[in-house]
Amino acid sequence: MQSSALFHAKAFLIFAGLFGCEAILFGAWSSHGLSGQEQEWAEIAIRYQSLHILALLILGLTFLVTHRSNIQLGRLLKISGYLWLVGILLFSGSLSIMAAFSFTNLGFLTPIGGITLASGWLVIAISAIKLK
């Protein structure tokens, strides 16, 4: 891969990972620490940020896929995917069940899922840092 393409791929993936982690953590904090107009602003910011995180992720991966095959990166991306799958099940699943059935005993799973989602984003950033 040309050094310029690698530079851009790494930058896009590093920022997608860091911004993804921040969106998860900020979203969790704002849902408990904000109210009223401030909470609405935070939700709008997170929604737009999340959309663009996906765009950066797709762009960074496109650079990599079109320029070179990297087994180490593939393994790390696979780890991120499984972290996200488990995180979605724990975080979104627990919230959905609590909302649908008023079964609040699952509330302890929500922060575990949030940490799992954020960890997946950090693996993305780490995998981009390790690119050679």
* **Distance, nearest 0.5 Å, that separates CD of Gln39 from OG of Ser31** => 7.0 Å
Which atom pairs, one a donor and one an acceptor, fall under 3.5 Å between side chains of residues 14-24 and the rest of the protein, sequence neighbours left out?
residue, atom, partner, partner atom, Å
Glu22, OE1, Gln49, NE2, 2.7

* Close side-chain approach of Leu117 to Leu83, heavy-atom, < 4.5 Å -> no
* **Minimum-distance pair of heavy atoms, taken over all atoms of Leu90 and Gly113** => CB-CA, 3.6 Å
* To do: Search all heavy atoms of Ile46 against all heavy atoms of Ser30 and return the closest pair with its distance.
  => CD1-OG, 3.9 Å
* Linking I/L/V/M/F/W/Y whenever their side-chain heavy atoms sit closer than 4.5 Å, directly or via other members, would Trp121 and Ile126 fall into one cluster? -> no
* **Between OG on residue Ser94 and CD1 on residue Ile88, distance to nearest 0.5 Å** => 12.5 Å
* Indicate the atoms forming the closest heavy-atom contact of Thr110 with Met98, along with that distance. => OG1-CE, 4.3 Å
* Ile115, CD1: over 12 other non-hydrogen atoms inside 6.0 angstrom -> no
* Are Phe103 and Ile112 grouped together when hydrophobic residues (ILVMFWY) are joined by side-chain heavy atoms under 4.5 angstrom apart? -> yes
* Leu95 with Val86, same ILVMFWY side-chain cluster at under 4.5 Å -> yes
* Asked: Can Leu6 be reached from Leu59 by stepping across I, L, V, M, F, W or Y side chains whose heavy atoms are under 4.5 Å apart?
  -> yes
* Report yes if the side chains of Trp84 and Ile124 come closer than 4.5 Å at any heavy-atom pair, otherwise no. => yes
* When rounded to the nearest 0.5 angstrom, what is the spacing between CZ in Phe91 and OG in Ser96? -> 10.0 Å
* Report whether Ile44 and Ile53 are members of the same hydrophobic cluster (ILVMFWY, side-chain heavy atoms less than 4.5 Å apart, transitive linking). => no
